[in-house]
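When a ligand or atom number is given, it counts from 1 through the structure's own listing order. A quick note: this is a predicted structure, and the numbers were derived from the prediction, not measured.
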Amino acid sequence: MKSLMVQGAKILATGSAIPSSKLSNHQMSKIVETSDEWIFTRTGIKERRLLEGADQSLIDLAVSASKKALNKITMDPSKIDLIILATSSPNDLFGSASKIQCQIGATNAVAFDLTAACSGFVLGLVTASQFLQNNTYSNILVIGADVLSKWVDWSDRSTCILFGDAAGAALLQSCSIVDNSILNFQLNTDGNYAQHLSINYGKERLVHPHLNLYQGSFKYIYMNGKEVYKFAVFQVPLSILKCLHSSNISIEEVDWLLLHQANERILNAIREKLSISSDKIISNLRNYGNTSAASIPLALDETIQEGKILRNDLIVIAGFGAGLTWGTIIIRW
Ligand code: COA
């Protein structure tokens, strides 16, 4: 990482929000031909939370997570300079960040969406840290939120069992260089494998025959599970090792490994490759499934609320997913 750091960046507070409606594996077996045993042994997931009805949206979850983070430090929302909403399931293709800006009263913040699927929160944190460390902004809200239940094919048992809806938020602030806690990052994309995980736009309807004008809509999630599995288990440990190496940090110094909560078997395979003990891995996907961009901030917030993460702990966070995009960020708490 080459960056012009004139000041430090730190996470001040986190918050998260989940819909109240649960869908267990048993209930899932009434929708598609599957079983609790199959889902749990292949993924580690027991249940997931889903947005209900037409009146709840991604924005409600994101606003709730953001307000919880703000309330923890009683920050006036007008002090926020920038809001980054990492999501692949916005309410509006032009972006949903501005609606969050308005609803939380962050009247002075510029707000934009960042699309990087399950790596979105990591890319959001890195983007925010650049604005803070180069002294452009002082307070930034990074949100990871997704409602992939709206985008799964509910007749495809290999994908609909995996995903859940949630939002998580982190408030970051600039600080002196000695207090800097965003230590390093390492990011990657390989578009050669984009077809393995996608929500593609489909050309469907001929609107004007003479002009050859078509108009379509987005399809549902397509995933080649085996390829995504192999990619994650191969590439994520390499990214983590590169990031640690370039920071002169050894594996033994890592206190917490927070991976995108995709699948318990992926988490364990990565942990084993890195020779990190199982008590250092943060995992909550049993209760929520894969919540895409929300998974890392949701798990981080829960672990903080449980009082497990202590001052000065070293947290290695890695995201991976569609793109394919993957990356690591190292944080000193
Ligand atoms: N319930 C029961 N059977 C199922 C099933 C389900 N929900 N989903 C698939 N199957 C069946 C398949 O039809 C197949 O049957 P067959 O052998 O008769 O053809 C069999 O189980 C094996 O399917 P396969 O796709 O090979 O399973 P798998 O071991 O690869 O596990 C995943 C599937 C999705 C759990 C796994 O590939 C995975 O976790 N991949 C990574 C996905 C991921 O994390 N994506 C997000 C990254 S951000």
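- Under the 30°/60° scheme for interplanar angles, the aromatic rings of W151 and F218 are found to stand perpendicular.
- Between D92 and K99, at least one side-chain N (NZ, or NE/NH1/NH2) sits under 4.0 Å from a carboxylate O, which counts as a salt bridge.
- Contacts classified as salt bridge (Lys or Arg N to Asp or Glu O under 4.0 Å) and involving residues 157-179 (residues at least two apart or in different chains) are not found.
- Within 4.0 Å of ligand 1, protein heavy atoms come from E33, T34, W38, R42, T43, C118, R157, S158, I161, M223, G225, K226, V228, Y229, H260, A262, N263, R265, I266, N290, F320, G321.
- Under the salt bridge (Lys or Arg N to Asp or Glu O under 4.0 Å) criterion, the residue pairs touching residues 221-232 are E227-K230, with sequence neighbours excluded.
- Using a cut-off of 4.0 Å between Lys/Arg side-chain N and Asp/Glu carboxylate O, K46 and D36 are scored as salt-bridged.
- For residues 314-333, the pairs satisfying side chain to side chain donor-acceptor pair (under 3.5 Å) are T189-T325, S239-T328, with sequence neighbours left out.
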